[in-house]
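Scope of the values below: all heavy atoms of this structure, side chains included, with no hydrogens, waters or symmetry mates. Naming: A, B, ... by sequence-line order, numbering from 1 per chain.
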Number of protein chains: 2
Amino acid sequence: MKTLRVPEATVTRMSIYSRFLERLDRNGITTISSNEIADGVGVSPAQVRKDLAYFGEFGTRGVGYNVQTLLKYTLRILGLDQTWQLAIVGAGNLGQALTTSRGFNARGFHVACVFDHDTRRVGQRIGQLLVQPLGQLPELAQKENIRIGVITVNNSMAQEVANIMVQSGVQAILNFAPITLRVPANIEIRNVDLSITLELLTFNLGLKAAQSL
Amino acid sequence: MKTLRVPEATVTRMSIYSRFLERLDRNGITTISSNEIADGVGVSPAQVRKDLAYFGEFGTRGVGYNVQTLLKYTLRILGLDQTWQLAIVGAGNLGQALTTSRGFNARGFHVACVFDHDTRRVGQRIGQLLVQPLGQLPELAQKENIRIGVITVNNSMAQEVANIMVQSGVQAILNFAPITLRVPANIEIRNVDLSITLELLTFNLGLKAAQSL
DNA sequence: TTGCAATTGTTATAATTTTCACATAATATA
DNA sequence: TATATTATGTGAAAATTATAACAATTGCAA
Ligand SMILES: NC(=O)c1ccc[n+]([C@@H]2O[C@H](COP(=O)([O-])OP(=O)(O)OC[C@H]3O[C@@H](n4cnc5c(N)ncnc54)[C@H](O)[C@@H]3O)[C@@H](O)[C@H]2O)c1
Ligand SMILES: NC(=O)c1ccc[n+]([C@@H]2O[C@H](COP(=O)([O-])OP(=O)(O)OC[C@H]3O[C@@H](n4cnc5c(N)ncnc54)[C@H](O)[C@@H]3O)[C@@H](O)[C@H]2O)c1
């Protein structure tokens with residue numbers, strides 16, 4: 001299989017293009033140019049074409065791209081031509097918000113179960129789901145074909161939960177705890193780190209203040 | 001002011017180093033080397049030193065870095081030697097989770113007010129705060145010295161809310177809606193995009209599956 | 001048909017970011 | 001005091017990523 005290494009930034013943008021195309025499609029737009037995509041998502045047209053070129057030729061010169069076709073390709077490329085079963089561990093504030101969020105289902109993600117270790121949480125209903133005891137994770141992960149685990153427990157527990165997920169056969173982890181987790185190299189892991197993003201803002205605001213002195 | 005342009009990735013890592021240093025400090029560790037920092041957060045030692053070098057010389061050759069000193073510098077660099085007042089707009093699932101999250105305060109962020117346009121939400125209590133009507137945003141932003149706005153409204157409303165924030169004098173926006181917002185160039189904006197991160201995972205899982213064929 | 005306008009795919013160039021290697025400085029030891 | 005050890009700061013090299021430019025292709029109109 002001769003797949004050129006694709007920059008992570010390109011994958012990120014593919015996801016953005018894909019969602020933009022979804023919106024166009026909903027609005028009945030059938031054809032679009034790299035220029036318009038670029039404009040819609042705030043990158044350069046050359047970037048759009050370069051990104052797409054990593055995966056193939058999807059457009060027609062002189063014409064542009066067919067929205068539905070390109071959308072289908074982006075979904076396939078991102079692995080969204082299937083449903084992904086998720087498990088959320090940590091049924092606190094964030095875990096509950098994520099569980100009830102319909103945003104997930106829209107793009108092929110399905111929260112199959114929610115776990116907590118606190119006996120007061122276990123058995124509680126969140127949306128359609130009952131909170132399961134953490135001990136059930138290995139068994140349910142197997143049974144429900146969970147490939148992606150979401151960590152929304154307290155910072156100090158995150159590593160432990162990650163370990164259990166790995167042992168349970170989870171292949172990828174989405175971590176919300178602002179902690180660098182250690183996992184085997186064959187496990188995919190990404191963090192959603194609010195603080196980092198906020199601090200990027202304050203850094204830049206600080207820079208501006210300094211520059212205007 | 002002769003400040004070299006700093007890569008955004010460097011700022012991101014500064015935030016990670018900073019939090020790692022906080023943990024070291026809590027654990028009573030006083031000195032640390034670039035090697036150990038690198039190890040702790042999963043980057044290369046050269047990267048750590050290069051990143052720090054953008055901002056000055058903080059270490060002692062042959063010795064390493066004093067944890068408390070370096071922590072203080074990283075906080076200052078990131079603009080966290082002050083309190084930042086936030087306003088959250090959208091008191092739904094996510095907005096509520098963010099409001100009650102103590103994670104914020106830990107690093108100098110303070111949720112000063114929460115807004116919603118839904119009359120059923122307005123007046124509700126979330127933690128210490130009462131949900132305010134959206135119309136109050138301009139006035140309260142002024143009064144509470146809000147410089148950062150957080151958008152947690154439905155996707156279709158996000159742009160409108162961003163516009164109001166800008167008009168209200170907010171200088172930076174943290175957006176959770178998976179939409180590319182248009183704001184004036186002098187406004188700092190970042191997105192926290194869950195889907196992108198999840199799709200990075202599924203892309204990589206898909207790649208692996210393809211490679212093992 | 002032929003020429004023109006539009007827009008892609010791709011090659012070349014530039015910019016940015018990371019890695020490497022080592023000179024430099026501090027500390028400890030004999 | 002000389003020597004060995006440790007670990008920073010940095011300039012140069014390598015790798016990666018983004019931008020720019022343009023040849024190739026398509027559709028349309030004259
Ligand atoms: N709340 C937010 O808006 C927000 C935003 C960004 C990041 N985060 C991060 O997300 C994480 C959770 O935040 P939260 O506000 O939801 O906290 P929370 O305290 O409301 O919820 C944590 C939940 O995890 C459970 N838990 C703890 N250890 C566990 C374990 N070993 N196994 C199973 N369950 C366990 C607790 O019982 C609790 O229900 C934290 O790391 C926080 O920093 C939260
Ligand atoms: N819930 C999650 O875990 C989650 C995770 C990631 C991203 N998001 C994104 O965050 C956003 C909000 O998600 P949610 O689950 O909290 O939705 P939600 O429906 O629970 O909450 C949205 C809230 O915004 C309010 N609102 C809508 N328009 C408004 C306006 N113009 N002014 C003021 N308030 C307004 C609504 O009244 C509602 O209370 C969405 O864009 C979603 O995609 C949510």
Without hydrogens or angle criteria, can the side chains of A:Arg49 and A:Ser34 be said to hold a donor-acceptor pair below 3.5 Å? yes
By side-chain contact (heavy atoms from CB on, under 4.5 Å), which residues pair with A:His110, not counting sequence neighbours? A:Thr83, A:Gln85, A:Asn105, A:Ala112
Rounded to whole Å, how long is the line connecting atom OH of B:Tyr65 with atom C1' of D:dA7? 8 Å
Please give, in whole Å, the distance from C:dT7 C1' to A:Ile32 CD1? 13 Å
How close or far is atom C1' of C:dT7 from atom CD of A:Glu36, stated in whole angstroms? 11 Å
Spacing between B:Tyr73 atom OH and D:dT8 atom P, to the nearest angstrom: 17 Å
Taken in chain and number order and not counting sequence neighbours, the residues that satisfy side-chain contact (heavy atoms from CB on, under 4.5 Å) with B:Ala97 are A:Asn93, A:Ala97
Basic-acidic side-chain contact under 4.0 Å: B:Glu8, B:Arg190: yes
Find the distance A:Leu52:CG to C:dT8:P and express it as a whole number of Å. 9 Å
Between A:Ser34 and C:dT8, is there a side-chain N or O to OP1/OP2 distance below 4.0 Å? yes
Where along nucleotides 14-24 of chain C does protein come under 4.0 Å, by heavy atom, of base (B) or sugar-phosphate alone (S), with - for untouched nucleotides? ---SSBBB--B
Could you list, one pair per line, each protein nitrogen or oxygen that sits under 3.5 Å from a nitrogen or oxygen of nucleotides 1-3 of chain C, together with the distance?
none

What is the separation between atom CG on B:Asn35 and atom P on D:dT6, rounded to the nearest whole Å? 12 Å
What side-chain donor-acceptor pairs closer than 3.5 Å can you find for residues 167-174 of chain B, not counting sequence neighbours?
residue	atom	partner	partner atom	Å
B:Ser168	OG	B:Ile164	O	2.7
B:Gln171	OE1	B:Arg147	NE	2.8
B:Gln171	OE1	B:Arg147	NH2	3.2

Answer yes or no: does atom CD of A:Gln68 have more than 12 heavy-atom neighbours from other residues, nucleotides or ligands under 6.0 Å? no
Pick the nucleotide of DNA chain C nearest each of A:Gly56 and B:Thr60; which residue has the one closer to the 5' end? A:Gly56
Can you give me every donor-acceptor pair (side chain of residues 71-81 of chain A, partner residue at least two apart or in another chain, under 3.5 Å) with its distance?
residue	atom	partner	partner atom	Å
A:Thr74	OG1	A:Ser18	OG	3.1
A:Thr74	OG1	A:Leu70	O	3.4
A:Thr74	OG1	A:Leu71	O	2.7

Establish, from distance only, whether the side-chain atoms of B:Glu36 and B:Ser33 form a donor-acceptor pair under 3.5 Å. yes
Without decimals, in angstroms, what is the distance between A:Ile37 CD1 and C:dG9 C1'? 14 Å
For B:Glu139, does the CD atom have more than 12 heavy-atom neighbours from other residues, nucleotides or ligands under 6.0 Å away? no
Find the distance B:Phe55:CZ to D:dG9:C1' and express it as a whole number of Å. 15 Å
